[in-house]
Amino acid sequence: MCRPYGRFGGTMFEQLDKLQKDFESDLASAVTSEALEKVRVEFLGRKGRLAELMKSLATLSAAEKPAAGKRANEVKRALESAMDAAGKVLAAKGPKRAAGVDLTLPGIPVRLGRRHVIMQTMVEMVDIFQRLGFDVAGGPEVEDTWHNFEALNIPLDHAAADPDNSFFIEDRTILRTQTSTVQIHVMEGQKPPIRVVAPGRVYRPETVDASHGYMFHQLEGLMVDENVTFRDLKAVLNLYVREFFSPNAKTRFRPHFFPFTEPSAELDMACTLCDGKGCAVCGGKGWLELLGCGMVDPNVLRAVNIDPERYTGFAFGFGIERPAMLKHGIRDIRLLFENDARFLAQF
Ligand code: DAH
């Protein structure tokens with residue numbers, strides 16, 4: 001069945017295929033009813049290309065005729081129904097379509113979205129720690145009180161665990177109030193050496209104002225290994241501050257208390273606006289509080305079965321909104337969550 005037939009060479013099947021392809025491409029570029037009629041005459045007319053091919057069926061042997069005839073009829077039906085459909089489309093679109101389409105007109109612009117400024121900031125921060133060898137970890141936002149409080153050395157009668165200070169889902173299940181919970185999840189699943197940062201959303205029943213929301217973002221850090229010291233903590237955090245804010249940033253570690261670290265500190269940066277002299281942004285103090293940090297309390301390590309005699313570690317945590325606002329000169333935290341595209345498109 002594959003030997004050549006017809007005037008143009010190629011088997012009958014090949015010629016039918018070619019005819020169908022030619023028809024389809026001519027039909028696609030026929031945008032007026034006149035052009036459509038021309039295509040019809042050329043392919044389906046009484047003396048058209050299909051009719052010619054049909055005639056040459058007669059030259060085939062009795063064995064070959066039935067299959068070739070069947071294929072020719074299929075092609076004919078396909079051409080006719082494509083012709084029909086094209087005619088209907090043209091009629092529906094009316095004279096305007098029939099007069100042609102101006103392909104040189106500009107297209108309809110598509111507005112591109114962008115990362116929210118908080119996500120941009122988060123990515124920038126995480127990137128700095130990744131370059132220092134930290135992995136990225138995550139944990140649930142709906143959390144049990146063990147991960148949010150007890151395992152972090154916060155007894156349930158501590159002020160931080162007061163029921164008024166968390167959103168409760170049910171008894172002992174809350175929306176996490178801090179990303180420190182992820183420290184516990186990571187250490188439950190992995191033994192030292194550990195070096196992770198955990199960005200994420202946290203929730204507190206705060207009254208909303210220019211600097212507070214009931215939901216905000218934090219970034220937590222944890223490093224646990226043999227011989228980790230406060231010096232490592234200072235080195236990592238100083239690098240982060242200089243990388244994120246400015247190579248000339250001045251920092252100080254001020255003693256503080258957190259239940260899950262001992263000793264604990266807060267890290268301040270000399271106000272970048274007034275250079276430490278005191279202004280409205282730093283409340284006249286000359287310093288901006290950046291984060292809480294400290295050496296992981298041995299009780300926390302014990303809660304996740306890590307031997308505090310062998311391993312030590314440091315942890316830190318901070319909110320993402322404030323540094324983002326500082327960097328971009330945003331004065332009201334509510335602007336970040338109103339989802340006004342005109343505001344967000346600036347960043
Ligand atoms: N979780 C603390 C908060 O929400 C921040 C924090 C302080 C995290 C000290 C730490 C840390 O890991 O060591 O205020």
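Counting convention: from 1, in listed order, for ligands and their atoms alike.
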### Task
Consider only side-chain N and O atoms of Q178 and Q218, and report whether a donor and an acceptor are under 3.5 Å apart.
no
### Task
Kindly assign one of parallel, tilted or perpendicular to the pair F167 and Y214, based on the angle between their ring planes and the thresholds 30° and 60°.
perpendicular
### Query
F314 vs F134 aromatic rings, parallel, tilted or perpendicular, using cut-offs 30° and 60°?
tilted
### Task
For D26, enumerate each residue passing the side chain to side chain contact (heavy atoms under 4.5 Å, CB included) test, keeping only those at least two apart in sequence or located in another chain.
V39, E42, F43
### Task
For this output row, return yes or no: ring centroids of F347 and H328 closer than 6.0 angstrom.
yes
### Query
Hey, do the aromatic rings of F318 and Y240 have their centres closer than 6.0 Å?
yes
Ligand 1: which protein N/O atoms lie under 3.5 Å from its N/O atoms?
unit_1   : atom_1 : unit_2 : atom_2 : d
ligand 1 : 1 (N)  : Q178   : OE1    : 2.8
ligand 1 : 1 (N)  : S180   : OG     : 3.0
ligand 1 : 4 (O)  : R204   : NH2    : 2.8
ligand 1 : 4 (O)  : Q218   : NE2    : 2.9
ligand 1 : 12 (O) : Q183   : NE2    : 3.1
ligand 1 : 12 (O) : E220   : OE2    : 2.6
ligand 1 : 12 (O) : F316   : N      : 3.3
ligand 1 : 12 (O) : F316   : O      : 3.3
ligand 1 : 13 (O) : A315   : O      : 3.2

